[in-house]
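Worksheet for the structure shown next.
These values consider heavy atoms only, across backbone and side chains, with no hydrogens, waters or symmetry-generated copies. Proteins get letters first, then strands, A, B, ... in listed order; numbering begins at 1 in each.
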Protein chains: 2
Amino acid sequence: MYDCLVKHQLATQDYIKSIAKLSLKEGVDVVKLKWMALKLNVTNAAVSDMVKKLVKEGLVINHAYKGIELTDQGWFMGRRLIRHHRLWEVFLHTTLNVPWDEIHEEAEHLEHAASDALMNRIDEYLGFPTTDPHGNPIPNGDGTLSFNANEQSLNNVSDGEDYVVTRFESLDATYLQYLTHHGFAIGVSVKVVKRFDFDHSVLIDMAGGSLQLSYQISQQIFVVKSMD
Amino acid sequence: MYDCLVKHQLATQDYIKSIAKLSLKEGVDVVKLKWMALKLNVTNAAVSDMVKKLVKEGLVINHAYKGIELTDQGWFMGRRLIRHHRLWEVFLHTTLNVPWDEIHEEAEHLEHAASDALMNRIDEYLGFPTTDPHGNPIPNGDGTLSFNANEQSLNNVSDGEDYVVTRFESLDATYLQYLTHHGFAIGVSVKVVKRFDFDHSVLIDMAGGSLQLSYQISQQIFVVKSMD
DNA sequence: CTTTTAGTTTTAGCTTGCTTAAAATTTGCT
DNA sequence: AGCAAATTTTAAGCAAGCTAAAACTAAAAG
Ligand SMILES: [Mn+2]
Ligand SMILES: [Mn+2]
Ligand SMILES: [Mn+2]
Ligand SMILES: [Mn+2]
């Protein structure tokens, strides 16, 4: 089964991976075609066209005018690509010291080029990591993917309590550079000291001092309660 | 927009690399379209068609009905891809222990997926190797490629003298398995003890004993005079 | 219930890279 | 030189992925 999924076109792979990622991120089964078009930087028509092919291949179900949903086979393929992508990111970051904000773009291409056998070797070489350098969980070789259920957006946590950064949602290079510059990284301790209702920004306390984060930014930083 | 470029580039890259490799292997500047068609497993018409596009991009010169030749720009692109391919082969073999006969196929895909910056990091990580695991020289980052001028085909060397294996021309998996099985590897000592004119096969002496090699096989093994 | 708006689908047409078939050209052999 | 074989080129056509623009659907607002 795996092999027949492997030899798909590059475009097919990117579409399926995008559906899987949008579905996970938004917490819904049915994904709007519009979201796909925005994410892949193509027209709605291109997505609608491709959906027909993906349906024919048994990878997605089209709920006409409502959105699309991955089949089991589609989910399998999606998780496989997410696995490849995140393993490459760990490899690039820990073994080759490629900067944090460059690994995503490089992995975007490598994810399609390596066989499952090679990815398993890399997985082993890296000591079977469970998350990528941005804190995202790495699916297993058998196609399963687990989440951190305790994770919350930094924008939603209780004021005054201590939290630890576990994950950064966006992978945009300038966003990551901004966070790095202000001392953010996986494992860093943070606390919300003030909350501004008019623009939903938050004032954060962390080791380096305090810092005000816009809604857009704080929303993309995920944390868990500190165990101290 | 998206990755329509990638697909175009992928085909272009494989064509250019093939011209470069055939040119080097055959020791000529002008390559027959027929050779390309055989190597890439497409029709002559497909090659002829693609040549028009490559000419338009300034990568090749078409000597009508006689064959094609790379421009300086084409050579630069060709050596770049050969560099990527061979660096990946070294990495796969020495760092991840991927078997000798599997690395070529895997590198065939990875060569298109990594940036120059990444390949330079891998080059450094590997300690700037000069040859790939099959003994082929690795072009430098600046696009230069040097050869071992003393190298000779095992089929052409003087009888009774000692030689050391430096390179295997063919990359076919079963051919490489055959050689490994009989004790061949880069650096192994060999001597031609007998030569059969009727089929141009040769009888070889090596550490493991003696072995008779067909013309097709001995021709693809390259050696230099032993320095003992 | 009708209108507005946001999102989806269809239609027509483009480029790339391939195919087969046929025509053009070169090369090799008597 | 003359002819046949091999090679290259052209021609016509197909599938994948894209675009722009028009047609359509569903749901919210009036
Ligand atoms: Mn990423
Ligand atoms: Mn990708
Ligand atoms: Mn190779
Ligand atoms: Mn290749």
[X] [atom1] to [N] [atom2], straight-line distance once rounded to whole Å:
X: A/M50; N: D/dA15; atom1: CE; atom2: P; result: 16 Å
X: A/K56; N: D/dA15; atom1: NZ; atom2: C1'; result: 11 Å
X: A/E57; N: D/dG17; atom1: CD; atom2: C1'; result: 13 Å
X: A/L10; N: C/dG17; atom1: CG; atom2: C1'; result: 15 Å

Q: Would you confirm whether the ring centroid of A/F198 sits within less than 6.0 angstrom of the ring centroid of A/Y215?
A: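 Not under 6.0 Å, so no.
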Q: Please confirm whether B/W100 and B/F168 have ring centers closer than 6.0 angstrom.
A: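 Ring-ring flag for B/W100/B/F168: true, centres closer than 6.0 Å.
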Q: Flag the pair B/M36 / B/Y15 as yes when at least one side-chain heavy-atom distance between them is below 4.5 Å, and no otherwise.
A: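 SC-SC contact between B/M36 and B/Y15 confirmed.
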Q: May I ask you to test the B/P129-B/D123 pair for a side-chain heavy-atom distance under 4.5 Å?
A: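 The answer is yes; the side chains approach within 4.5 Å.
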Q) Going by atom types alone, do B/H93 and B/E89 pair a side-chain donor with an acceptor below 3.5 Å? A)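 Judged by distance alone, the side chains do not pair up.
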Q: State which residues pass side chain to side chain contact (heavy atoms under 4.5 Å, CB included) with B/H112; sequence neighbours excluded, sorted by chain then number.
A: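 For B/H112, the residues satisfying side chain to side chain contact (heavy atoms under 4.5 Å, CB included) (neighbours in sequence not counted) are B/L10, B/Q13, B/D14, B/L81.
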Q) Can you check whether B/Y15 has a side-chain N or O nearer than 4.0 Å to OP1 or OP2 of C/dT16? A)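 Indeed not, no polar side-chain atom of B/Y15 lies that close.
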Q: Could you tell me whether the phosphate oxygens of D/dC18, OP1 or OP2, come under 4.0 Å of any side-chain nitrogen or oxygen in A/T43?
A: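 For A/T43, the contact criterion (side-chain N or O under 4.0 Å from OP1 or OP2 of D/dC18) is not met.
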(Q) By nearest atom, which of the nucleotides D/dC18, C/dG17, D/dG17 is closest to the A/A46 side chain? (A)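 Minimum distance to the A/A46 side chain belongs to D/dC18.
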Report all interatomic pairs (protein N or O, nucleotide N or O of nucleotides 3-11 of chain C) with separations under 3.5 Å.
unit_1 : atom_1 : unit_2 : atom_2 : d
C/dT8  : OP1    : A/L33  : N      : 3.2
C/dT8  : OP2    : A/K34  : N      : 2.9
C/dT8  : O3'    : A/Y65  : N      : 3.3
C/dT9  : OP1    : A/N62  : ND2    : 3.4
C/dT9  : OP1    : A/Y65  : N      : 3.2

